[in-house]
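Throughout, protein chains are lettered first and strands after them, A, B, ... in sequence-line order, and every chain is numbered starting at 1.
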There are 2 protein chains.
Amino acid sequence: MVPPNGRLPLSRERVLAAGLALADAHGLESLTMRRLGEALHVEAMSLYKHVANKGDLLDGMTDLVFAEIALPPDGAAWRPAMRDRAISARAALRRHPWATALVSSRTSPGPATLRHHDTVLRTLRTGGFSVPLAAHAFSAIDSYVYGFALQEATLPFDTAEEAAEVAQTMFARMAADRYPHLTELTVTHVLQPGYDYGAEFEYGLDLILDGLERALAAT
Amino acid sequence: MVPPNGRLPLSRERVLAAGLALADAHGLESLTMRRLGEALHVEAMSLYKHVANKGDLLDGMTDLVFAEIALPPDGAAWRPAMRDRAISARAALRRHPWATALVSSRTSPGPATLRHHDTVLRTLRTGGFSVPLAAHAFSAIDSYVYGFALQEATLPFDTAEEAAEVAQTMFARMAADRYPHLTELTVTHVLQPGYDYGAEFEYGLDLILDGLERALAAT
DNA sequence: AGTCCTACGCTTACAACGTAAGCTCGTCAA
DNA sequence: TTGACGAGCTTACGTTGTAAGCGTAGGACT
């Protein structure tokens, strides 16, 4: 099993994991076949023995991210289940910001992705949702989660200090009084100590869950 | 003004517009500097007289898409204003599917983008929203719109017939009974004649607006 | 009229990318 | 012992973004 020469052999899993690590560390744009090979102490072309092409690599990485999302246990109540899964999904997309952009460009879902969606639907259906209402719920929640992750990934800062710095240079460039309300929001809210954009997530999520609960009750 | 030789001169506007047209017609991945030059009957390097680099080009194109979104008129009631603008935004992102992915990778907003955001905030504030509640509303609606557009852009089909075809090959590959609820949803709902994923958009949107209205009333 | 400057488009060149084609060589079954 | 197989390597090609510098036409000024 273990080869007598020093290094353990490549495998699809090792390639995907290394790709994920590289994208996490230095961004998706710096994930090239040559650099990925380097990280694995292998020539670029050797990767093609385990991955059909770069698209296949990205598909596999995307599926790995989906596999990190916690799935609701069998028989869980729909509302906490949806809430937990949405929070878990956002956390996964936040750990791997490049993945949000990939979701849009890669069209063929992997097994973890399919399993994920199927479990969500099961939870809704056993929670009393009709098929059309389950479709509504699924679409609304997923759109919100992806969209939030997309915006979060776009923010060019992670900490409050960085935010302040960015806002500073932004306003310097844009003549603050041309966008008075944007300025107001930034100065009196976003730049306040303790502000955390991530906290917005649960507010909007609960807005949607409230609405779905009402819609379900009206059935 | 008009040069004596045949062709009218390049300009940043012409370059951006041609880029947008090319991306619309053949997808973002086929937008290369050489092809863009060809479309304008110019060599690739000439474009750099009007655009700093490809990133600048993409930023400009993104801002053009934002400029297509209808802004609420002064003094409009917040709820119809938010509704119309969300619908208009989705329509613009649907016309230019590549733009949704760009929003995530491009960090520096253009003037149309800033103006757009500022107008939205103005409408909310004059509608009675406090700054924090306006932030909540802004974040929730925008996340939903982008997320929906992202999912819509991912769908590998445009018409119901194409959808049926795609579903067919997908299920053939994935052993239908491994994902029973996904199968149920697809067969009894998505593949029904007249199904239109786009219709889901307004359902989720109204869910959010209902919630915001309630939150505002509770102030 | 002659001179110069400035824009703008063109040419050439290069490093980095994804990947096709074919090679090498260690491992193991027969 | 042999022969096949498969993982990793080498080489090579076309395409990409863009740096550097050239040519030239038109307008401004003397």
Under-4.0 Å side-chain N/O to phosphate OP1/OP2 contact, B/His50 with C/dG9: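 Yes, B/His50 has a side-chain N/O under 4.0 Å of OP1/OP2 on C/dG9.
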Contact under 4.0 Å: A/Ser46 side-chain N or O vs D/dA7 OP1/OP2: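 No, no such contact exists.
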B/Asp84 backbone acceptor or donor facing B/Ser88 side chain under 3.5 Å: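 The answer is no, because no donor-acceptor pair under 3.5 Å joins these two groups.
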Interatomic spacing from OG1 in A/Thr119 to CG in A/Leu124 - rounded to 0.5 Å: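 A/Thr119 atom OG1 to A/Leu124 atom CG measures 11.0 Å (nearest 0.5 Å).
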Sub-3.5 Å pairs of nitrogen or oxygen atoms, protein against nucleotides 14-16 of chain C:
none

Rounded to the nearest angstrom, tell me the gap between atom [atom1] in [X] and atom [atom2] in [N].
X: B/Met33; N: D/dT16; atom1: CE; atom2: C1'; value: 11 Å
X: B/Leu36; N: D/dT16; atom1: CG; atom2: C1'; value: 14 Å
X: B/Met45; N: C/dC10; atom1: CE; atom2: P; value: 11 Å
X: B/Leu58; N: D/dG17; atom1: CG; atom2: P; value: 10 Å
X: B/Glu29; N: C/dC17; atom1: CD; atom2: C1'; value: 16 Å
X: B/Glu43; N: D/dG17; atom1: CD; atom2: P; value: 14 Å
X: A/Leu47; N: D/dA7; atom1: CG; atom2: C1'; value: 12 Å
X: A/Tyr48; N: D/dT11; atom1: OH; atom2: P; value: 18 Å

For residues 110-117 of chain B, dump all side-chain donor-acceptor pairs below 3.5 Å to protein atoms at least two apart in sequence or in another chain.
from, atom 1, to, atom 2, distance (Å)
B/Thr113, OG1, B/Asp63, OD1, 2.6
B/His116, NE2, B/Arg85, NH1, 3.1

B/Phe201 ring center near B/Tyr144 ring center (under 6.0 Å):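 Here the rings of B/Tyr144 and B/Phe201 have centres that are less than 6.0 Å from each other.
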Sugar-phosphate, base or nothing in reach of A/Lys54, heavy atoms under 4.0 Å: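 Sugar-phosphate only.
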Plane angle bin for A/Trp78 and A/Phe129 - parallel if under 30°, tilted between 30 and 60°, otherwise perpendicular: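 Answer is perpendicular, since the angle exceeds 60°.
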Side chain proximity check, A/Val65 to A/Leu102, heavy atoms < 4.5 angstrom: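 No, too far: nothing below the 4.5 Å cut-off.
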Heavy atoms from other residues, nucleotides or ligands near NE2 of B/His189 exceed 12 (cutoff 6.0 Å):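 Buried by this count: over 12 neighbours within 6.0 Å.
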